[in-house]
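Only one structure is covered here, and it is reproduced in the block below.
In each ligand, atom 1 is the first atom listed, and ligand 1 is the first ligand listed. We're numbering straight along the sequence, starting at 1.
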Amino acid sequence: MDALLEKLVEENRPFTREGRVAGYIPELAKADRDELGICVVSSDGRISSAGEYGRTFTIQSIIKPILLLLALMDNGEDTVRARVGVEATGKPFDAINYTDQALLSEHLNPMVNMGAILLCTLIHGTSYPQRLERLLELTRRLAGNPSLSVDEAVYRSEKQTGSRNRAMAFLLESCGLLHDDPEEVLDCYFRACSIRVDCRDLAHIACTFAVRGRRPPSGEQLFPARYAHYVNAVLMTCGMYNGSGDFAVKVGLPAKSGVGGGIMAVSPARMGIGIYSPGLDEKGNSLAGIRLLEQLGRRLSLSIF
Ligand code: GLU
């Protein structure tokens with residue numbers, strides 16, 4: 001596996017130049033566009049990696065499946081389902097799904113910002129810093145990495161430039177969907193997006209979703225199997241922004257991308273995959289990362305279809 005990953009990284013490295021590093025959060029613009037890394041954790045716990053797999057970057061939207069998982073663990077499926085819908089939006093991550101006079105829960109999706117901002121309000125805790133701490137703790141547990149933490153510089157950068165997310169939170173409030181102080185909720189969301197991870201962390205997290213809540217190789221059950229099904233289903237239909245349909249055809253795996261350049265892909269029962277390459281395509285997905293994943297998927301027949 002290591003040799004295959006090395007070969008695919010070298011073959012795809014030239015495509016890193018075709019991507020563009022996210023510039024709308026100034027701190028993200030500092031990333032090195034030429035980097036490409038991958039880590040795979042198999043269902044029996046074997047780890048393989050290649051390229052810049054140890055480079056850290058902010059998790060960005062890849063926190064959304066973990067946010068959804070914690071909301072499910074805290075509230076159960078019915079409550080979460082009633083507050084945030086699951087229909088694919090076919091829209092960019094920061095789209096305002098508001099075409100009618102009324103914005104309803106069913107217009108939201110956990111994998112795009114409006115839905116994810118609302119999910120922060122469903123996390124249990126007596127304060128927003130405490131909710132964030134519980135989310136960080138779960139992320140550490142899934143990744144098997146107790147040292148994960150928030151990148152304060154990226155958090156501040158995102159907070160300063162987050163007018164669109166702010167608009168979404170206030171719209172949610174005005175439509176009666178968000179009941180807490182929007183600024184506190186946004187603070188939790190911005191910090192959650194600013195957790196620093198590497199490809200190994202993403203691969204370990206993805207692997208827990210691949211093996212239905214267990215952590216290989218011990219088999220310790222970290223969360224109910226049913227919630228892995230729920231999260232994977234939403235990832236499959238809406239995890240890659242408005243590129244989700246194209247990604248389903250090309251790769252055929254539940255996956256989530258982030259504007260920091262990460263991709264987390266779930267190969268059910270087989271493996272978790274973490275990829276990093278900060279050059280993005282026009283939809284905000286890692287350009288070389290998707291190519292690499294497409295080729296790995298073909299070589300190993302990973303598509304679930
Ligand atoms: N923190 C980013 C935002 O809300 C996340 C976007 C993403 O990775 O898709 O703008």
**Report entry** side-chain contact (heavy atoms from CB on, under 4.5 Å) evaluation trace for Met168 with Asp94
**Finding:** CA-CA 8 Å; Met168 288 188 237; Asp94 57 355; 3.7 Å; yes
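- Protein residues with a heavy atom closer than 4.0 Å to ligand 1 are Tyr24, Gln60, Ser61, Phe93, Asn113, Glu158, Asn165, Tyr189, Cys193, Tyr241, Gly258, Val259, listed by chain and number.
- There is a side-chain donor-acceptor pair under 3.5 Å between Asn145 and Asp201.
- The aromatic ring centres of Phe209 and Phe223 sit less than 6.0 Å apart.
- Note: Phe93 and Tyr24 have tilted aromatic rings, judged against thresholds of 30 and 60 degrees for the angle between ring planes.
- Salt bridge Arg17/Asp34: present, at least one basic N to carboxylate O contact under 4.0 Å.
- A centroid separation of 6.0 Å or more is found between the aromatic rings of Phe190 and Tyr155.
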